[in-house]
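Worksheet for the structure shown next.
Not measured: the values here are computed from a predicted model. Because only heavy atoms are used, hydrogens play no part in the values below, and waters and symmetry mates are left out as well, while side chains stay in.
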Amino acid sequence: MAYTNKKLALEYLAGNQMIYEIIINSFLKNYQNYSTIINQFIKDKDIMNLYNEVHSLKGVTLNFGAEMLYIQSITFLEELRNDIINEETVNKYLNVFNMTYKELSSSIVSA
């Protein structure tokens, strides 16, 4: 299963491959500890910071074609707006995030 869609990403970026690679490298660097951060906010029941982190990631997901992560982010944010932290939603969200991260990591290594 593909977690990213390079064609979609390049459409958002007007076909600019260099910007695409910069965005991926920036994402990989800036989000390497993301799951740990999310889990800490959940443990602390810090919904405001949790919401801000998820919202920030949602904002960049389509720049690298991560449609599934975008959709999971929307679902998670809807629950957080209602002060709900649902374990199943969190698990799905973090699984999609981790698989997306892994896919992008391997695409850079093999590029």
Side-chain angles (χ1 to χ4, degrees):
M1 173 185 304
Y3 288 87
T4 59
N5 180 337
K6 184 175 181 179
K7 182 179 177 184
L8 174 68
L10 289 172
E11 286 176 20
Y12 275 91
L13 301 171
N16 193 321
Q17 178 71 30
M18 185 186 305
I19 291 176
Y20 174 74
E21 290 174 13
I22 290 169
I23 288 171
I24 289 176
N25 285 317
S26 176
F27 168 77
L28 293 173
K29 178 182 175 192
N30 294 329
Y31 287 89
Q32 60 187 341
N33 297 315
Y34 185 76
S35 292
T36 302
I37 292 166
I38 293 300
N39 282 319
Q40 187 61 51
F41 287 145
I42 291 169
K43 180 181 175 187
D44 296 343
K45 295 182 176 33
D46 187 346
I47 291 180
M48 185 171 68
N49 281 318
L50 179 58
Y51 182 93
N52 289 338
E53 283 292 325
V54 174
H55 188 266
S56 293
L57 179 59
K58 180 186 76 89
V60 299
T61 55
L62 295 178
N63 289 332
F64 50 86
E67 295 171 286
M68 290 178 63
L69 185 54
Y70 179 81
I71 292 166
Q72 286 298 320
S73 296
I74 290 171
T75 301
F76 196 11
L77 288 169
E78 287 173 1
E79 291 182 6
L80 292 174
R81 278 188 208 102
N82 293 308
D83 292 330
I84 298 169
I85 299 176
N86 179 300
E87 185 177 350
E88 183 179 345
T89 301
V90 171
N91 289 339
K92 285 180 183 177
Y93 176 76
L94 289 176
N95 181 58
V96 171
F97 169 80
N98 289 326
M99 296 306 292
T100 300
Y101 191 94
K102 182 179 178 180
E103 186 174 294
L104 289 171
S105 294
S106 65
S107 74
I108 292 300
V109 171
S110 63

Point to revise | Candidate pair Lys6 and Gln17, rule side-chain contact (heavy atoms from CB on, under 4.5 Å), full reasoning | key: CA-CA 10 Å; Lys6 184 175 181 179; Gln17 178 71 30; 3.3 Å; yes
Check your understanding: Between Phe41 and Tyr51, does the ring centroid distance fall short of 6.0 Å?
Key -> no
Check your understanding: Which value, rounded to the nearest 0.5 Å, describes the distance between Ile23 atom CD1 and Phe64 atom CZ?
Key -> 8.5 Å
**Study point:** CG on Asn33 to CG on Asn39, rounded to 0.5 Å
**Key:** 12.0 Å
Review point. What's the shortest heavy-atom distance between Glu67 and Asn5, and which atoms?
Key: OE1-ND2, 3.5 Å
Study note, to complete from the structure: Between Ser73 and Val54, the two heavy atoms sitting closest are O-CG1, 4.0 Å
Point to revise | Tyr3 vs Tyr101, ring-ring contact (aromatic ring centres under 6.0 Å, His included): CA-CA, chis, key distance, verdict | key: CA-CA 9 Å; Tyr3 288 87; Tyr101 191 94; over 10 Å; no
Exercise for review: Give the cluster check for Ile22 versus Leu8: same hydrophobic cluster or not, with ILVMFWY residues linked at side-chain heavy-atom distances below 4.5 Å.
Suggested key: no
Check your understanding: Mind checking whether Met18 and Glu21 have side chains closer than 4.5 Å, heavy atoms only?
Key -> no
Practice item. Decide yes or no on side-chain contact (heavy atoms from CB on, under 4.5 Å) for Glu87 and Asn91, but give the supporting numbers first. Key: CA-CA 6 Å; Glu87 185 177 350; Asn91 289 339; 3.7 Å; yes
Revision key, fill the gap. Heavy-atom closest pair (Leu13 atom, Tyr20 atom, distance to 0.1 Å) is CD1-CA, 3.6 Å
**Study point:** Taking every non-hydrogen atom, the tightest pair across Gly59 and Asn63
**Key:** O-ND2, 4.3 Å
**Study point:** Nearest heavy atoms of Ala9 and Gly65, plus distance in Å
**Key:** CB-N, 3.5 Å
Review point. Rounded to the nearest 0.5 Å, what separation is found between the CG atom of Asn98 and the OG atom of Ser105?
Key: 10.5 Å
Check your understanding: Do Ile37 and Leu94 share a hydrophobic cluster, counting only Ile, Leu, Val, Met, Phe, Trp and Tyr and linking them when any side-chain heavy atoms are less than 4.5 Å apart?
Key -> yes
Review point. Just by distance, do the side chain of Asn82 and the backbone of Ile84 share a donor-acceptor pair under 3.5 Å?
Key: no
Study note, to complete from the structure: Between the CE atom in Met99 and the CD atom in Glu103, the distance rounded to the nearest 0.5 Å is 8.0 Å
Review point. When clusters are formed by joining ILVMFWY residues with side-chain heavy atoms under 4.5 Å apart, either directly or through shared neighbours, do Ile85 and Leu57 land in the same one?
Key: yes
Exercise for review: Would you mind reporting whether Ile71 and Val96 have side-chain heavy atoms less than 4.5 Å apart?
Suggested key: no
**Study point:** Stepwise side-chain contact (heavy atoms from CB on, under 4.5 Å) test for Thr61 and Thr100
**Key:** CA-CA 10 Å; Thr61 55; Thr100 300; over 6 Å; no
Review point. What's the shortest heavy-atom distance between Leu80 and Ile47, and which atoms?
Key: O-CG2, 3.7 Å
Practice item. First locate atom NZ of Lys45, then atom CG of Asp83, and finally report the distance between them rounded to the nearest 0.5 Å. Key: 12.5 Å
Practice item. Evaluate side-chain contact (heavy atoms from CB on, under 4.5 Å) for Lys92 paired with Phe76, printing each intermediate quantity in order. Key: CA-CA 9 Å; Lys92 285 180 183 177; Phe76 196 11; over 6 Å; no
Review point. Quick one: are the ring centres of Tyr34 and Phe97 less than 6.0 Å apart?
Key: yes
Check your understanding: Hey, what do you get for OG1 (Thr75) to CD (Glu79), rounding to the nearest 0.5 Å?
Key -> 7.5 Å
